[in-house]
Amino acid sequence: MALSSSPVRQLNAMATVATAAALSLPISLCRSSKLNPKKGFRGGFRVFAVFGEEGGLVEKKNLWGPLFDVEDPRPRVPQCKGKFLDVNQALEVARFDIQYCDWRARHDLLTIMLIHDKVVDVLNPLAREYKSIGTVKKELAELQEELGQAHKQVHISEARVSTALDKLAYMEALVNDRLLQDRNTTESDQTSLSPSTSSAAVDTVKRKLPRKSLNVSGPVQPYHPRLKNFWYPVAFSTDLKDDTMTPIDCFEEPWVLFRGKDGRPGCVQNTCAHRACPLHLGSVNEGRIQCPYHGWEYTTDGKCEKMPSTRLHNVKIKSLPCFEQEGMIWIWPGSDPPTATIPSLLPPPGFTVHAEIVMELPVEHGLLLDNLLDLAHAPFTHTSTFAKGWSVPSLVKFLTPASGLQGYWDPYPIDMEFRPPCIVLSTIGISKPGKLEGQNTQQCSTHLHQLHVCLPSSRHKTRLLYRMSLDFAPLLKHIPFMHLLWRYFADKVLNEDLRLVLGQQDRMNNGANVWNLPVSYDKLGIRYRLWRDAVERGAKQLPFSNSE
C-alpha cells in the first residue's frame with residue numbers, strides 16, 4: 001500500500017533530526033555533575049584541564065567544555081506500551097539510539113583528554129623532581145593501560161554509531177520503497193530505558209515490518225524471458241576473424257558467431273535446419289557459414305542461400321540482432337525490440353588494455369556475479385594471489401549513493417560498479433602487484449581496471465569475458481608470451497573462487513539459501529539481486545536506476 005505524502009515528510013524530517021543529533025554539536029546544554037574518574041559520570045559532564053604551576057595544581061575550565069556538556073539521553077528514551085512500535089515510534093527510538101551513541105562518543109573522548117592531562121602532569125619536569133623514576137614508570141604504565149581501555153571503548157562506540165545509522169538507513173529505505181504501512185495498533189513493550197533495549201525494540205520492528213526478501217535457494221530455475229531483453233556482450237572482436245566461428249550458449253540456447261561478406265558480425269542458431277547438425281563444426285565460405293553435413297550455407301541473418309545437390313528451398317534459421325562496438329560483439333537475445341544504444345565498456349582514459357580472456361565456468365552466472373560484487377572475502381579467499389598479505393580490517397563497508405549500482409570500498413582503494421545486465425567494472429589502486437596503497441583510488445598513483453562479463457550460458461554454466469587494463473607499464477603489452485602469464489594468473493584467481501562458489505551451488509540446489517544473512521558489506525550484491533528480481537517481476541521502474 002502506498003504511503004501518503006504526510007508520513008513520508010514526517011519520516012524524512014525525523015531522519016534529518018537523527019542525523020543532526022549524531023553529527024553536529026549538542027542542541028541543548030544542561031547542568032552537569034562533578035567529575036569523578038573512579039566512579040564514572042552521571043548526568044551531563046564538563047571538561048576541566050589541570051595545569052602545573054610552580055609545583056601546584058590549578059583547576060581551569062577547558063575551552064572545549066561546551067562540546068562535552070551534553071545531557072545523558074537515556075532517561076528520555078520514549079516509553080511505549082503494547083507489543084509493537086508504529087513507524088513514528090520506531091524512528092523516535094532510532095533517533096534516541098543515535099543520540100546515545102553521540103553522548104557515548106563524547107564521553108569516550110573526554111576520558112582520553114583527561115588521561116592526556118594526567119600524562120602531562122606525570123611528565124611535568126617540576127613534578128618529576130618530587131618523584132622517583134620507578135614511580136613515574138608505574139604511573140605511566142597505569143595511564144597507558146587506561147588509554148588502551150579508552151581506545152577500545154572508542155572502537156565500541158564507533159560500532160554503535162554505525163549500527164544506529166544502519167538502522168536509520170533501513171527505516172529510510174522502507175519509506176523510499178513504499179514498504180511501510182499504516183499500523184495503528186502496533187506498539188512495543190519496553191521494560192528498560194537502556195540503549196540496548198532501544199536497539200532490541202528497533203530490531204523487533206525490523207522483524208515485524210515487511211522487508212525485501214532475499215531467498216536464493218533451491219535448484220536454479222529456468223531464466224525468465226524478461227531477463228533476455230538486454231544487450232549482452234558475448235565475445236571480443238579480436239577473437240572473431242573473417243574465416244572463423246565462435247560457438248556460444250546463451251540462455252540455454254546454442255548460437256554461433258561469424259562475419260559476413262561485409263565483415264560485420266552475425267549470430268545465428270547453431271543448428272542446421274536440415275538435420276540439426278551443429279554449424280560450428282563446419283566452415284565459413286565467402287561470408288556464409290557452411291554446414292559440415294550436406295553443405296547448406298547460411299548468411300548472418302539466418303537465410304539459407306546454398307543447398308548443394310538439391311533444389312534451393314526457402315529456408316531460414318533463427319538469428320539475433322548483432323552489433324560490434326568498441327572491440328566487443330553484442331547480441332540481443334530477447335523478444336522485445338532492441339534498444340537504440342549500447343553502453344560503453346571502454347576502460348577510463350589513460351588505461352591500456354593488456355589482456356582479454358574468455359573462460360567457460362561450471363557455475364550459474366548469478367552466483368558468479370554475487371562473488372565478483374563482494375570484496376570482503378578477498379583476504380580470506382585469495383591469500384595466494386592478489387590479496388596475499390592483505391590485513392583484515394575490523395570493519396568493511398561499501399559506500400554508495402541511495403540510488404545507484406556503483407560505489408567504493410572502505411578501507412580498500414577500489415571503485416566498483418554493477419552495470420546491467422551482467423557486467424562488473426572495477427578500478428583498483430595499486431603500488432605493485434598484490435599490494436594496496438592508500439584508502440581510496442584517488443590516493444593511488446597507479447591503477448588496475450577490470451571488466452567482468454558473466455554471460456548466462458545455461459543454468460549451470462557461465463561464459464566469462466575478462467579484460468584487464470593498466471594505466472602504467474605500457475611496455476608490458478609488448479613482451480612475448482605475456483598474455484600467457486596473465487591467463488595463468490586469472491585462472492589461479494578464479495580457481496580460488498570457484499571451489500567456494502561451486503560448493504554454494506551444490507548447497508543451493510539442495511535447498512540452502514545463499515543469501516541467508518546479508519550484512520553491511522553485501523550492499524552491492526543485494527542491490528543486484530533486487531534489480532534482477534524487479535526485472536523478472538516486470539517492474540515498470542527498476543530499482544537503483546539513475547532516473548530515480
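- The backbone N or O of R459 sits less than 3.5 Å from a side-chain atom of E252, completing a donor-acceptor pair.
- Under 3.5 Å, the side chains of E356 and T238 contain a donor-acceptor pair of N or O atoms.
- Considering all non-hydrogen atoms of both residues, L279 and C291 come closest at CD2-CB, 3.6 Å.
- The minimum heavy-atom distance linking M328 with S237 is given by the pair N-OG, 3.2 Å.
- The main-chain N or O of H280 is found under 3.5 Å from a side-chain atom of N270 such that the two form a donor-acceptor pair.
- Aromatic ring centres of W531 and F230: separated by under 6.0 Å.
- A 6.0 Å sphere centred on CZ of F351 holds more than 12 heavy atoms belonging to other residues, nucleotides or ligands.
- Listed here is the closest heavy atom pair of L524 and F398: CD2-CZ, 3.7 Å.
- T244 contributes a side-chain N or O that, together with a main-chain N or O of K241, makes up a donor-acceptor pair within less than 3.5 Å.
- At a threshold of 4.5 Å between non-hydrogen side-chain atoms, the residues L375 and I414 count as touching.
- Between the side chain of D471 and the backbone N or O of G350 there is no donor-acceptor pair closer than 3.5 Å.
- The closest donor-acceptor contact from the side chain of H449 to the backbone of S426 lies under 3.5 Å.
- When every heavy atom of V396 is checked against every heavy atom of A376, the shortest pair comes out as CG1-CB, 4.2 Å.
- With a 6.0 Å radius and a threshold of 12 heavy atoms from other residues, nucleotides or ligands, Y223 has its OH atom above the threshold.
- Counting heavy atoms from C-beta on, the side chains of Q221 and E536 never come closer than 4.5 Å.
- Once rounded to the nearest 0.5 Å, the distance linking CG of N509 with CD of Q504 reads 11.5 Å.
- Between S458 and D249 the shortest side-chain heavy-atom distance does not fall below 4.5 Å.
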Could you pull out all donor-acceptor pairs under 3.5 Å where a side-chain atom in residues 301-321 meets a protein atom, sequence neighbours excluded?
unit_1	atom_1	unit_2	atom_2	d
D301	OD1	T299	OG1	2.2
D301	OD1	K303	N	3.2
S319	OG	D301	O	3.1

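- Each of Y293, W296, Y298 was checked for a ring pair (Phe, Tyr, Trp, His ring centres under 6.0 Å) with H274, and the lone residue meeting it is W296.
- Judged by distance alone, the side chain of N510 and the main-chain N or O of D506 form a donor-acceptor pair under 3.5 Å.
- With respect to the salt-bridge test (charged N to carboxylate O, under 4.0 angstrom), the residues R463 and E360 qualify.
- Residue L448 holds its CG atom at 6.5 Å from CE of M468, rounded to the nearest 0.5 Å.
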I'd like to know whether E326 forms a side-chain hydrogen bond (donor to acceptor under 3.5 Å, both in side chains) with S344, so could you lay out the CA-CA distance, the side-chain angles of the two residues, the decisive distance to 0.1 Å, and finally the verdict. CA-CA 7 Å; E326 298 173 346; S344 175; 2.8 Å; yes
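- Between the side chain of T446 and the main chain of I430, a donor-acceptor pair closer than 3.5 Å is present.
- The pair K261-E297 fails the salt-bridge criterion, with no side-chain N (NZ, NE, NH1 or NH2) lying under 4.0 Å from an Asp/Glu carboxylate O.
- When all heavy atoms are compared, the tightest approach of P401 to R527 is O-NH1, 2.8 Å.
- In terms of modelled atom types and a separation under 3.5 Å, the side chain of T381 and the main chain of H377 share a donor-acceptor contact.
- Side-chain atoms of R532 and L369, non-hydrogen and from C-beta on, never get closer than 4.5 Å to each other.
- Centroid-to-centroid, the aromatic rings of H354 and H483 stay 6.0 Å apart or farther.
- A distance-only check finds no donor-acceptor pair linking the side chain of Q269 to the backbone of P254 [under 3.5 Å].
- Atom SG of C267 is separated from atom CD1 of I248 by 5.0 Å, given to the nearest 0.5 angstrom.
- In this structure, the side-chain contact (heavy atoms from CB on, under 4.5 Å) partners of D522, at least two apart in sequence or on a different chain, are W515, P518, V519, I526.
- By the 4.5 Å heavy-atom criterion applied to side chains, S217 and V514 are not counted as neighbours.
- The shortest side-chain heavy-atom distance between V256 and T246 does not fall under the 4.5 Å cut-off.
- Under a 4.0 Å N-O distance rule, the pair E496/K492 does not qualify as a salt bridge.
- Aromatic ring centres of W332 and W231: separated by under 6.0 Å.
- For an aromatic pair to be called close, the ring centres must be under 6.0 Å apart, and Y232 with F251 satisfies this.
- Using a 4.5 Å cut-off on side-chain heavy atoms (C-beta onward), T462 and S457 make no contact.
- Residues H294 and R275 are in side-chain contact: their nearest non-hydrogen atoms beyond the backbone lie under 4.5 Å apart.
- One distance of note links CG of L500 with CG of N371; it measures 7.5 Å at 0.5 Å rounding.
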Does Q406 form a side-chain hydrogen bond (donor to acceptor under 3.5 Å, both in side chains) with T400? I'd like the steps, not just the answer. CA-CA 6 Å; Q406 71 286 331; T400 181; 5.2 Å; no
Verify side-chain hydrogen bond (donor to acceptor under 3.5 Å, both in side chains) between H447 and T427, making sure each step is shown before the conclusion. CA-CA 7 Å; H447 303 83; T427 301; over 6 Å; no
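- Closest heavy-atom contact between L373 and M416: CA-SD, 3.9 Å.
- In this structure, CD in E324 is found 4.0 Å from CD1 in I329, a value given to the nearest 0.5 Å.
- Salt-bridge check for R529 with D533: failed, with every basic side-chain N at 4.0 Å or more from each acidic carboxylate O.
- The line from CG of L425 to CG of L345 is 6.0 Å long, rounded to the nearest 0.5 Å.
- Of the possible donor and acceptor atoms, none in the side chain of D374 sits under 3.5 Å from a partner among the backbone N and O of D370.
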